Amino acid sequence: MYQRLDLEVWDGDQPIPREELLKRVPGKQGILCLITEKIDSQVLDAAGSCLKVVSTFSVGTDHIDLEAVKARGIKVGYTPGVLTDAVAELTLGLTLATARRFFQSHREILSGGWEKSAWSPLWMCGKQLHGCTVGIVGLGRIGFALLLRLKAFQVKDILYTARSPKPHGEAEGGKEVKFEELLQKSDFVICTCALTPETQGMFDKRAFQLMKPSAVFINISRGGLVNQDDLVEALKGGEIWGAGLDVMTPEPLPSHHPLLQLANCTVIPHIGSATEKTRLDMARLAAENLIAGIKGTSMPAQLL
Ligand SMILES: O=CC(=O)O
């Protein structure tokens, strides 16, 4: 039995402006949003009592006020699973790009630095994964997919933190430790955990001071996990060796931002899940969640 759904689509190049969103949501039964839209009480109230579902085109849901949604009995769909492999691959790529100074090396070619130094034994030296200890903060789907990939690099140890027991992490050779121990022992600290009120700002001055001065810090999760001023200081002061960021605050990062002035910081523009296949799979899943939420049938990926 077919049911007709009327769609109102924002197809601007930029995210929908807040005012426009507030103007368009009244009376809608479902909202399909991106991470660029803050879905809070104001939006939910503007939508009104017809609203049955918020379907986000993302695995992260920190842009949605989940308490406010829950209080109104509205369902939430998201896109876990379909992006795990793309993000795990990107994480590995960013780790290598940071540790082996890909972008810095490229800039050296463009600026004539290579012609000056030629091939020389210590020029552009970085860090290698082989034989190292890697710490994964948050062994969710993406953290675990990363763990599996890291094994192929023959790292020495893989440590991880997790909110609940992760026997599959141990079974694949990882070791669960406390956050502080992970920071102290890891040559690479890779953050893959969700942004929640508990994890907000967890990478602060104290965390960077606990890390080895030779440590590489990677964040592919959310910028809000990091106290960015503390990170800039840690990179400038040599408290850690380098950082690779796919996420930061704010996004987009202004082109004059201090993080972009640091030779030991590799920054890419939140492209973790950006492969053609993955973005299509996310689109399909978000649409299926939306339709199921409106029809009241079971959603393929329901968070609430
Ligand atoms: O950051 C992207 C996502 O949460 O899917």
Side-chain angles (χ1 to χ4, degrees), residues 58-62 78-99 127-204 206-222 224-226 240-247 272-273 278 281 301-303:
S58 63
V59 68
T61 52
D62 49 288
Y78 67 143
T79 63
V82 290
L83 49 66
T84 301
D85 292 320
V87 179
E89 287 178 12
L90 186 284
T91 308
L92 209 40
L94 178 59
T95 302
L96 293 173
T98 305
K127 308 285 183 193
Q128 65 188 50
L129 281 167
H130 184 269
C132 279
T133 296
V134 182
I136 303 175
V137 179
L139 201 76
R141 295 176 203 85
I142 295 169
F144 184 62
L146 178 66
L147 182 153
L148 296 180
R149 285 158 175 79
L150 283 168
K151 288 172 66 173
F153 285 78
Q154 300 178 323
V155 299
K156 178 155 88 47
D157 289 313
I158 304 178
L159 310 178
Y160 62 85
T161 62
R163 270 182 301 185
S164 55
K166 296 281 160 42
H168 51 293
E170 300 278 337
E172 289 295 342
K175 181 169 182 252
E176 185 180 343
V177 293
K178 293 257 177 291
F179 182 52
E180 284 73 16
E181 183 178 345
L182 182 147
L183 297 177
Q184 284 164 333
K185 292 194 171 160
S186 299
D187 301 300
F188 291 81
V189 175
I190 306 183
C191 175
T192 66
C193 68
L195 175 62
T196 65
E198 293 74 44
T199 60
Q200 173 96 33
M202 71 193 286
F203 290 95
D204 57 6
R206 181 178 158 273
F208 294 121
Q209 282 173 343
L210 283 174
M211 289 186 202
K212 300 179 183 183
S214 56
V216 178
F217 171 66
I218 303 292
N219 186 13
I220 57 88
S221 176
R222 285 291 184 267
L225 289 151
V226 177
I240 61 171
W241 182 85
L245 311 173
D246 184 39
V247 288
S273 63
T278 291
D281 289 346
Q302 180 170 355
L303 182 72

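These numbers were taken from a predicted model, which means no experiment stands behind them.
- Within the model, atoms CD1 of Ile190 and CG of Leu159 stand 11.5 Å from one another, a figure rounded to the nearest 0.5 Å.
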Distance-only donor-acceptor pairs under 3.5 Å for side chains of residues 151-158, two or more places apart:
from   : atom 1 : to     : atom 2 : distance (Å)
Lys151 : NZ     : Glu172 : O      : 3.3
Lys151 : NZ     : Glu172 : OE1    : 2.6

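- What you find for Leu94 and Asp246 is that their closest heavy atoms are CD2-N, 3.7 Å.
- Here Phe188 contributes atom CZ and Ile136 contributes atom CD1; the two are 12.5 Å apart, rounded to the nearest 0.5 Å.
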Side-chain donor-acceptor distances from residues 194-203 under 3.5 Å, at least two apart:
from   : atom 1 : to     : atom 2 : distance (Å)
Thr196 : OG1    : Glu198 : N      : 3.2
Thr196 : OG1    : Glu198 : OE1    : 3.2
Thr196 : OG1    : Thr199 : N      : 3.2
Thr196 : OG1    : Thr199 : OG1    : 3.3
Thr199 : OG1    : Ala194 : O      : 2.8
Thr199 : OG1    : Thr196 : N      : 2.8
Thr199 : OG1    : Thr196 : O      : 3.3

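- Judged as a salt bridge (Lys or Arg N to Asp or Glu O under 4.0 Å), and not counting sequence neighbours, the contacts of Arg149 are Asp85.
- A donor-acceptor pair is defined here as one N or O able to donate and one able to accept, closer than 3.5 Å; no such pair exists between the side chain of Thr84 and the backbone of Ile142.
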Could you go step by step and tell me if Val59 and Val82 meet the side chain to side chain contact (heavy atoms under 4.5 Å, CB included) rule?
-> CA-CA 9 Å; Val59 68; Val82 290; over 6 Å; no
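- The two residues Thr278 and Ala86 make their nearest non-hydrogen contact at OG1-CB, 3.4 Å.
- With Glu176 contributing its side chain and Glu170 its backbone, the two residues share no donor-acceptor pair below 3.5 Å.
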Please list, one pair per line, the donor and acceptor atoms closer than 3.5 Å that link side chains of residues 209-221 to other protein atoms, with sequence neighbours excluded.
from   : atom 1 : to     : atom 2 : distance (Å)
Lys212 : NZ     : Lys185 : O      : 3.3
Lys212 : NZ     : Asp187 : OD1    : 2.9
Asn219 : OD1    : Ser221 : N      : 3.0
Asn219 : ND2    : Arg222 : O      : 3.1
Ser221 : OG     : Cys193 : O      : 2.2

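- Among residues at least two apart or in separate chains, there is no salt bridge (charged side-chain N to carboxylate O under 4.0 Å, His left out) pair with a member in residues 128-138.
- Using a 4.5 Å cut-off on side-chain heavy atoms (C-beta onward), Cys132 and Lys127 make no contact.
- Here the closest heavy-atom approach between residue Thr98 and residue Gly242 is recorded as CG2-C, 4.4 Å.
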Begin with the C-alpha distance, continue with both residues' side-chain angles, and end with the deciding distance and a verdict on side chain to side chain contact (heavy atoms under 4.5 Å, CB included) for His168 and Phe144.
-> CA-CA 8 Å; His168 51 293; Phe144 184 62; 3.5 Å; yes
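- Applying the side-chain hydrogen bond (donor to acceptor under 3.5 Å, both in side chains) rule to Ser273 yields the partners Arg279; only residues at least two apart in sequence or on another chain are considered.
- The two residues Ser58 and Tyr78 come nearest to each other via the heavy atoms O-CB, 3.3 Å.
- Of all the heavy atoms in Val134 and Ser186, the pair that sits closest is C-OG, 4.0 Å.
- Between the side chain of Tyr160 and the backbone N or O of Leu147 there is no donor-acceptor pair closer than 3.5 Å.
- By the side-chain hydrogen bond (donor to acceptor under 3.5 Å, both in side chains) test, Thr133 pairs with no residue at all, sequence neighbours left out.
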List the steps and the verdict of side chain to side chain contact (heavy atoms under 4.5 Å, CB included) for Leu83 and Asp281.
-> CA-CA 8 Å; Leu83 49 66; Asp281 289 346; over 6 Å; no
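- Contact annotation: the side chain of Leu92 approaches that of Leu150 to within less than 4.5 Å [non-hydrogen atoms, C-beta and beyond].
- Remark: side-chain polar atoms of Thr161 are not paired, donor with acceptor, to backbone N or O of Lys178 under 3.5 angstrom.
- In this structure Glu180 satisfies the side-chain hydrogen bond (donor to acceptor under 3.5 Å, both in side chains) test together with Arg206, sequence neighbours excluded.
- Residues meeting the side-chain hydrogen bond (donor to acceptor under 3.5 Å, both in side chains) test with Thr61, sequence neighbours left out: none.
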